[in-house]
Number of protein chains: 2
Amino acid sequence: MAAVGIVATLTIQSGKEAEFEEVFKGLREQVLANEPGCEMYDVYKSKADASKYVIMERYKDDAALKAHGESDHFKAAGPKLGAVLGGAPVLDYLDQVA
Amino acid sequence: MAAVGIVATLTIQSGKEAEFEEVFKGLREQVLANEPGCEMYDVYKSKADASKYVIMERYKDDAALKAHGESDHFKAAGPKLGAVLGGAPVLDYLDQVA
């Protein structure tokens, strides 16, 4: 199975959660509409920590993951996300086993 | 959206990776066959750390997550996983936002 995944853990500034969710929902729509190699781009909020969000991502292969990072919509979201992030995102790059 | 997620991060003892993958693939098959409320139970291996695995899980609601933890197949996998784990699993409990 050549699919790859990312778990991205994001910390958001207090009071900026709604703004973050709005930006990321828009990004998700663009990713799913424009990246045929992206099979999942789901946004979750921690039950334990209101400032913590987790993005579960799956791509059909490494090339699709690379295309995601180079896409115009992803690059355009960078400044909007930077304005609400409370720290550097933590990214786990993964190969799907099953 | 009432769906809930878990990101489970597992550290496996060196040399036990194949045994872990076999046990977890079997558990995944039982989960997907017997838990209608489990919508994803996917197994990933870290690209950066050969001892690290990440399970991405999604359930239709909290009741389905509870049913997972109480299932016979999940309980039966416990001792087999305990034999290959290198430390306590780290679990992030999540609510899906998008």
Side-chain angles (χ1 to χ4, degrees), chain A residues 1-12 16-33 38-62 65-66 69 77 84 89-98, chain B residues 1-12 16-33 38-62 65-66 69 77 84 89-98:
Chain A
M1 190 177 291
V4 298
I6 294 180
V7 170
T9 304
L10 309 179
T11 303
I12 305 302
K16 300 282 191 182
E17 294 86 355
E19 185 178 341
F20 165 77
E21 290 187 19
E22 186 180 335
V23 169
F24 222 95
K25 284 178 183 175
L27 174 58
R28 179 177 185 268
E29 286 175 13
Q30 290 179 298
V31 167
L32 296 179
C38 180
E39 301 169 341
M40 177 173 68
Y41 203 76
D42 288 348
V43 186
Y44 293 83
K45 186 180 179 82
S46 169
K47 286 179 181 285
D49 179 350
S51 70
K52 182 174 165 182
Y53 287 80
V54 173
I55 319 301
M56 297 196 208
E57 308 175 30
R58 187 179 64 240
Y59 301 88
K60 71 173 185 179
D61 54 25
D62 281 310
L65 169 57
K66 186 165 181 283
V84 299
V90 177
L91 300 179
D92 263 343
Y93 291 88
L94 308 163
D95 288 310
Q96 189 166 9
V97 173
Chain B
M1 190 177 290
V4 298
I6 295 181
V7 170
T9 304
L10 309 179
T11 303
I12 305 302
K16 300 284 190 181
E17 294 87 355
E19 185 178 340
F20 166 77
E21 291 188 16
E22 187 181 335
V23 169
F24 222 95
K25 284 178 184 176
L27 174 58
R28 179 177 185 270
E29 287 176 12
Q30 291 180 297
V31 166
L32 296 179
C38 180
E39 300 169 341
M40 177 173 68
Y41 203 76
D42 289 348
V43 186
Y44 293 82
K45 186 180 178 84
S46 168
K47 286 179 181 284
D49 180 349
S51 70
K52 181 174 166 181
Y53 287 81
V54 173
I55 319 301
M56 297 196 209
E57 308 175 30
R58 187 178 65 239
Y59 301 87
K60 71 173 185 178
D61 53 25
D62 281 310
L65 170 57
K66 187 165 181 280
V84 300
V90 177
L91 300 179
D92 263 342
Y93 290 89
L94 308 163
D95 288 310
Q96 190 166 9
V97 172

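Every chain is numbered from 1, with letters handed out A, B, ... down the list of sequences. Below, each value reflects all heavy atoms present in this structure, side chains not excepted, and no hydrogens, waters or symmetry copies.
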[X] versus [Y], closest heavy-atom pair with distance:
| X | Y | result |
| --- | --- | --- |
| B:K25 | A:A98 | CG-CB, 3.7 Å |
| A:E21 | B:V97 | OE1-CG1, 3.4 Å |
| A:Y44 | B:R58 | OH-CD, 3.2 Å |

Cut-off 4.5 Å, heavy atoms of chain A, and the answer for B:L32 is neither
If one checks every heavy atom of A:L27 against chain B at 4.5 Å, the contacting part turns out to be neither
When rounded to the nearest 0.5 angstrom, what is the spacing between [atom1] in [X] and [atom2] in [Y]?
| X | Y | atom1 | atom2 | answer |
| --- | --- | --- | --- | --- |
| A:D92 | B:M56 | CG | CE | 9.0 Å |
| B:L65 | A:K47 | CG | NZ | 7.5 Å |
| A:K45 | B:L94 | NZ | CG | 11.0 Å |

